[in-house]
Amino acid sequence: MEEFSKDIKKRSLLIKIVLCILIIFNIVLYLFQKDASSLEFGLSFQMGICTGLVLMGVIIVYKYESAVKQDEQLMKLYIQEHDERKILIKQKMCQSSLIVIVLCLLIADSLAAYINLVVAYTLTITIFMMLFIILAFKIYYFHKY
């Protein structure tokens, strides 16, 4: 359990670092938004996403910090993360979702070719990058296990 507690502390520290980076990015976006009125909608959207991510990160850090302080919560978190049934469900869900997302992107790419070629090229590049990432992870995990 001590090893798991160290892992939780490392995760918490990593999330805190990412939160600091997001907060700095959010401040820069706010300062840039004052100067660029033509980009106001896009910058506001990005600021909203950053703010939401920061709030989610704070909740996760609070959960981890409280779990490290109380053994009962740490045990619940350990059981929750190492439940084999939930791990299998998550793996199957991610695998199925990835297939559906790539197929939907292919359909969107086919339709976009008739509307706007720039969008079609962007979707094609996105599909190839996703397939490249899938292939890289497949090779990595075949060699790991």
Side-chain angles (χ1 to χ4, degrees), residues 1-112 118-145:
M1 194 54 68
E2 191 66 34
E3 182 90 13
F4 183 67
S5 179
K6 288 178 184 178
D7 287 344
I8 294 296
K9 288 178 184 177
K10 286 179 188 176
R11 280 189 221 167
S12 181
L13 178 65
L14 182 64
I15 292 172
K16 287 177 186 176
I17 291 169
V18 170
L19 286 177
C20 289
I21 292 169
L22 273 173
I23 290 171
I24 291 169
F25 183 68
N26 214 356
I27 291 169
V28 169
L29 280 177
Y30 178 74
L31 295 175
F32 187 66
Q33 185 177 3
K34 289 183 176 181
D35 297 336
S37 60
S38 62
L39 301 174
E40 184 176 337
F41 180 74
L43 292 172
S44 298
F45 184 73
Q46 287 178 338
M47 257 177 66
I49 289 175
C50 286
T51 304
L53 288 173
V54 167
L55 289 175
M56 286 174 34
V58 167
I59 291 169
I60 292 171
V61 167
Y62 174 76
K63 177 182 168 184
Y64 285 164
E65 294 293 327
S66 63
V68 168
K69 292 178 183 175
Q70 297 177 358
D71 289 338
E72 185 178 310
Q73 284 186 345
L74 187 64
M75 189 61 154
K76 284 182 183 178
L77 186 62
Y78 180 81
I79 292 170
Q80 180 183 358
E81 288 191 9
H82 291 87
D83 184 15
E84 291 177 8
R85 181 177 168 269
K86 286 186 179 182
I87 292 171
L88 181 65
I89 290 171
K90 208 181 285 187
Q91 286 175 347
K92 294 292 184 184
M93 183 261 319
C94 289
Q95 192 175 30
S96 301
S97 298
L98 190 60
I99 292 168
V100 169
I101 288 170
V102 170
L103 289 176
C104 288
L105 283 173
L106 283 168
I107 292 169
D109 189 23
S110 299
L111 295 175
V118 174
V119 174
Y121 293 147
T122 305
L123 285 172
T124 303
I125 291 169
T126 304
I127 292 167
F128 280 120
M129 287 306 297
M130 285 182 70
L131 292 174
F132 176 73
I133 291 168
I134 292 168
L135 179 66
F137 277 118
K138 187 173 273 197
I139 290 170
Y140 172 77
Y141 282 113
F142 269 118
H143 287 293
K144 184 176 180 179
Y145 298 111

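- For the side-chain contact (heavy atoms from CB on, under 4.5 Å) with L103, the qualifying choice from L105, I99, I101, V100 is I99, the only one to do so.
- If you take SG on C104 and CG on L123, they are separated by 11.5 Å, rounding to the nearest 0.5 Å.
- We find the NZ-CD1 distance between K16 and I23 to be 12.0 Å, quoted to the nearest 0.5 Å.
- Sparse packing is recorded around CE of M75, with 12 or fewer heavy atoms of other residues, nucleotides or ligands lying under 6.0 Å away.
- Heavy-atom contacts from other residues, nucleotides or ligands closer than 6.0 Å to CZ of F4 number more than 12.
- To the nearest 0.5 Å, atom SG of residue C50 and atom CG of residue L55 are 11.5 Å apart.
- A distance-only check finds a donor-acceptor pair linking the side chain of T126 to the backbone of T122 [under 3.5 Å].
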From CA spacing to verdict: side-chain contact (heavy atoms from CB on, under 4.5 Å), D7, E81: CA-CA 12 Å; D7 287 344; E81 288 191 9; over 6 Å; no
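- In this structure, the separation between CD1 on I60 and OH on Y64 is 6.0 Å, given to the nearest 0.5 Å.
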Could you go through the side-chain contact (heavy atoms from CB on, under 4.5 Å) check for Q91 and I87 one step at a time? CA-CA 6 Å; Q91 286 175 347; I87 292 171; 4.0 Å; yes
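- Residues E65 and S12 approach most closely at OE2-OG, 2.6 Å, considering heavy atoms.
- One distance of note links CD1 of I15 with CG of L53; it measures 11.5 Å at 0.5 Å rounding.
- Rounded to the nearest 0.5 angstrom, K63 NZ and L77 CG are separated by 5.5 Å.
- Between V68 and S5, the shortest heavy-atom contact is CG1-OG, 4.0 Å.
- The two residues A112 and V119 make their nearest non-hydrogen contact at CB-CG1, 3.9 Å.
- Here the side chains of L13 and K10 are not in contact, with every heavy-atom distance at 4.5 Å or above.
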Determine, stepwise, if the pair L98 / M130 fulfils side-chain contact (heavy atoms from CB on, under 4.5 Å). CA-CA 9 Å; L98 190 60; M130 285 182 70; 3.7 Å; yes
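- Not one N or O on the side chain of S96 forms a donor-acceptor pair closer than 3.5 Å with the backbone of M93.
- The shortest heavy-atom contact between L19 and V58 is CD1-N, 3.8 Å.
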